[in-house]
Undergrad: 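Please find one structure pasted underneath; my questions will follow.
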Protein chains: 2
Amino acid sequence: MTDDDRVFKALADPTRRFLLDLLFMRDGRTLTELESELEMSRFGAMKHLRVLEEANLVVTRRSGREKLHFLNPVPIREIHDRWIDKYTELHTTALLELKAELEDES
Amino acid sequence: MTDDDRVFKALADPTRRFLLDLLFMRDGRTLTELESELEMSRFGAMKHLRVLEEANLVVTRRSGREKLHFLNPVPIREIHDRWIDKYTELHTTALLELKAELEDES
DNA sequence: TTGACATGTGACCATTTGGTCACCTATCGT
DNA sequence: ACGATAGGTGACCAAATGGTCACATGTCAA
């Protein structure tokens with residue numbers, strides 16, 4: 001399994017994306033705190049966090065019996081750079097802004 | 001299935017990422033041309049292209065009996081914007097440049 | 001030191017996914 | 001018209017994935 005395979009497989013699950021959303025809002029949470037936000041057992045949450053950690057999307061630090069989780073944005077940025085050409089980036093941004101405007105109006 | 005679920009599931013497979021790489025290099029290819037680059041049957045390739053199209057990562061245009069495929073960068077950009085904070089973006093870019101330098105040296 | 005708490009492991013099962021095939025429709029060039 | 005070419009559908013099977021549980025380890029606080 002390659003590095004980028006791990007990243008994309010990790011992002012493929014909605015629960016794991018939700019965990020990243022939680023950490024994007026506030027970093028440094030424990031497993032127990034994150035698990036309380038999910039609709040599944042602690043074991044399910046732990047399995048998902050492990051996948052995120054192996055993909056390097058989440059980095060952790062131990063503090064006594066607690067394990068703190070932090071979001072790492074680097075792999076996300078690498079996805080962007082893989083398929084967004086520097087020269088078309090401005091164009092893509094303009095399209096996104098147009099889309100946002102249209103959705104605001106509707 | 002939500003829009004972003006389709007996008008991430010589509011990106012989860014290495015063959016589909018390779019198809020995006022091919023289209024990133026050169027747009028407007030037919031199914032037959034893309035299939036010739038893969039190690040699988042035409043049906044496999046077609047199934048993958050269909051998934052990419054339903055995720056809006058690839059858009060198509062018919063021309064006679066041929067179907068031309070184009071890369072659409074918008075969903076990729078949306079992934080980036082979901083977890084990369086405008087304020088930390090510069091920092092992340094710096095980290096990536098550092099990483100690239102280290103890999104060049106090794 | 002003892003009980004409660006935070007985290008970790010391996011086995012297990014239901015569902016989803018990747019890939020192939022037989023067969024079909026539509027369009028091109030002669 | 002007709003063979004060759006480009007693309008499309010539904011069924012099918014092996015392998016991977018999401019989730020749970022019984023059980024285990026390490027750490028805190030009184």
Side-chain angles (χ1 to χ4, degrees), chain A residues 1-23 26-71 75, chain B residues 1-23 26-71 75:
Chain A
M1 171 111 62
T2 62
D3 276 7
D4 70 288
D5 215 30
R6 261 184 286 272
V7 172
F8 288 105
K9 287 244 168 68
L11 290 173
D13 184 89
T15 301
R16 289 195 286 267
R17 293 196 298 276
F18 180 61
L19 283 168
L20 292 182
D21 289 337
L22 289 175
L23 292 177
R26 182 164 51 79
D27 257 335
R29 308 203 205 195
T30 66
L31 163 64
T32 311
E33 183 180 355
L34 290 167
E35 176 246 313
S36 71
E37 305 265 2
L38 301 186
E39 310 261 323
M40 78 183 56
S41 72
R42 181 171 59 87
F43 310 98
M46 202 164 59
K47 221 167 175 178
H48 286 301
L49 283 170
R50 180 182 175 79
V51 172
L52 288 169
E53 200 177 341
E54 286 175 348
N56 200 31
L57 283 160
V58 163
V59 292
T60 60
R61 181 161 57 80
R62 290 209 71 107
S63 167
R65 63 179 163 180
E66 294 183 331
K67 187 174 180 181
L68 307 179
H69 298 76
F70 301 86
L71 175 62
Chain B
M1 170 112 58
T2 62
D3 276 7
D4 70 288
D5 215 31
R6 262 185 286 272
V7 172
F8 287 105
K9 287 245 168 64
L11 290 173
D13 183 88
T15 302
R16 290 195 285 269
R17 293 197 296 277
F18 180 60
L19 284 168
L20 293 182
D21 289 337
L22 289 174
L23 292 176
R26 183 164 49 78
D27 256 336
R29 309 203 205 194
T30 66
L31 163 63
T32 310
E33 184 180 357
L34 290 168
E35 176 245 314
S36 71
E37 304 265 3
L38 301 186
E39 309 261 324
M40 77 182 56
S41 72
R42 180 171 59 86
F43 311 97
M46 202 163 60
K47 220 168 177 178
H48 285 302
L49 283 169
R50 180 184 176 78
V51 172
L52 288 169
E53 200 176 342
E54 287 175 348
N56 200 31
L57 283 160
V58 163
V59 292
T60 60
R61 181 163 55 80
R62 290 208 71 105
S63 166
R65 63 178 160 178
E66 293 184 330
K67 187 174 180 181
L68 307 179
H69 298 76
F70 301 85
L71 175 64

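Each chain gets a letter, A, B and so on, in the order its sequence line appears, and its residues count up from 1. All values reported here derive from a predicted model rather than from experimental measurement.
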Undergrad: As an exercise, state the distance from CD of Glu39(B) to CZ of Phe18(B), rounded to the nearest 0.5 Å.
TA: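 Glu39(B) CD to Phe18(B) CZ: 8.5 Å, rounded to 0.5 Å.
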Undergrad: Does the salt bridge (charged side-chain N to carboxylate O under 4.0 Å, His left out) test come out yes or no for Glu53(B) and Lys67(B), once each step is laid out?
TA: CA-CA 12 Å; Glu53(B) 200 176 342; Lys67(B) 187 174 180 181; 3.2 Å; yes
Undergrad: Could you tell me which non-hydrogen atom of Ala55(B) sits nearest to which non-hydrogen atom of Pro75(B), and how far apart they are?
TA: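 Closest approach of Ala55(B) to Pro75(B): O-CG, 4.2 Å.
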Undergrad: Between Glu66(B) and Arg62(B), does any side-chain N to carboxylate O distance fall below 4.0 Å?
TA: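 Salt bridge absent between Glu66(B) and Arg62(B).
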Undergrad: Report the distance from atom CG of Leu49(A) to atom C1' of dG18(D), rounded to the nearest whole Å.
TA: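 Taking atom C1' of dG18(D) as the reference, CG of Leu49(A) is at 14 Å.
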Undergrad: What is the distance, rounded to the nearest whole Å, between atom NZ of Lys9(B) and atom C1' of dT16(C)?
TA: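 Whole-Å distance recorded here is 9 Å.
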Undergrad: Using whole Å, report how far CZ of Arg50(A) lies from P of dG19(D).
TA: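 Whole-Å distance recorded here is 17 Å.
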Undergrad: Got a salt bridge between Arg26(A) and Glu33(A), using NZ or NE/NH1/NH2 to carboxylate O under 4.0 Å?
TA: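 Looking at Glu33(A) together with Arg26(A), the answer is yes, because their closest N to O distance falls below 4.0 Å.
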Undergrad: Base contacts versus sugar-phosphate-only contacts with protein, heavy atoms under 4.0 Å: please encode nucleotides 25-30 of chain C as B, S and - from 5' to 3'.
TA: --BS--
Undergrad: Given atom CD of Glu53(A) and atom P of dT9(C), what is their separation to the nearest angstrom?
TA: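 Computing the Glu53(A):CD to dT9(C):P distance gives 10 Å.
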Undergrad: From NE2 of His69(A) over to P of dG8(C), roughly how many Å is that when rounded to an integer?
TA: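 Distance, rounded to whole Å: 7 Å.
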Undergrad: Quick check for you: to the nearest 0.5 Å, what is the distance between Asp13(A) atom CG and Leu52(A) atom CG?
TA: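 So the CG of Asp13(A) and the CG of Leu52(A) are separated by 9.0 Å.
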Undergrad: Enumerate the residues from residues 28-48 of chain B whose closest heavy atom to DNA chain C is under 4.0 Å, giving them by residue number; use none for an empty result.
TA: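 Hits under 4.0 Å, by residue number: Met40(B), Ser41(B), Phe43(B), Gly44(B), Lys47(B), His48(B).
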Undergrad: Do Arg17(B) and Asp4(A) have side chains that get closer than 4.5 Å, going by heavy atoms?
TA: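 Of all side-chain heavy-atom pairs linking Asp4(A) with Arg17(B), at least one is under 4.5 Å.
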Undergrad: Do the side chains of Leu49(A) and His69(A) get nearer than 4.5 Å, heavy atoms only?
TA: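 Yes, close enough: below the 4.5 Å cut-off.
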Undergrad: Over how many whole Å does the gap from Leu68(A) atom CG to dA6(C) atom P extend?
TA: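 Leu68(A) atom CG is separated from dA6(C) atom P by 13 Å.
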Undergrad: Taking atom C1' of dT17(D) as reference, at what distance in whole Å does atom CG of Leu11(A) sit?
TA: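 Whole-Å distance recorded here is 16 Å.
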Undergrad: Tell me, do Lys9(B) and Val51(B) make a side-chain contact under 4.5 Å, heavy atoms counted?
TA: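 They are not in side-chain contact.
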Undergrad: Atom NZ of Lys67(A) to atom C1' of dC28(D): distance rounded to whole Å?
TA: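 Value for this atom pair: 19 Å.
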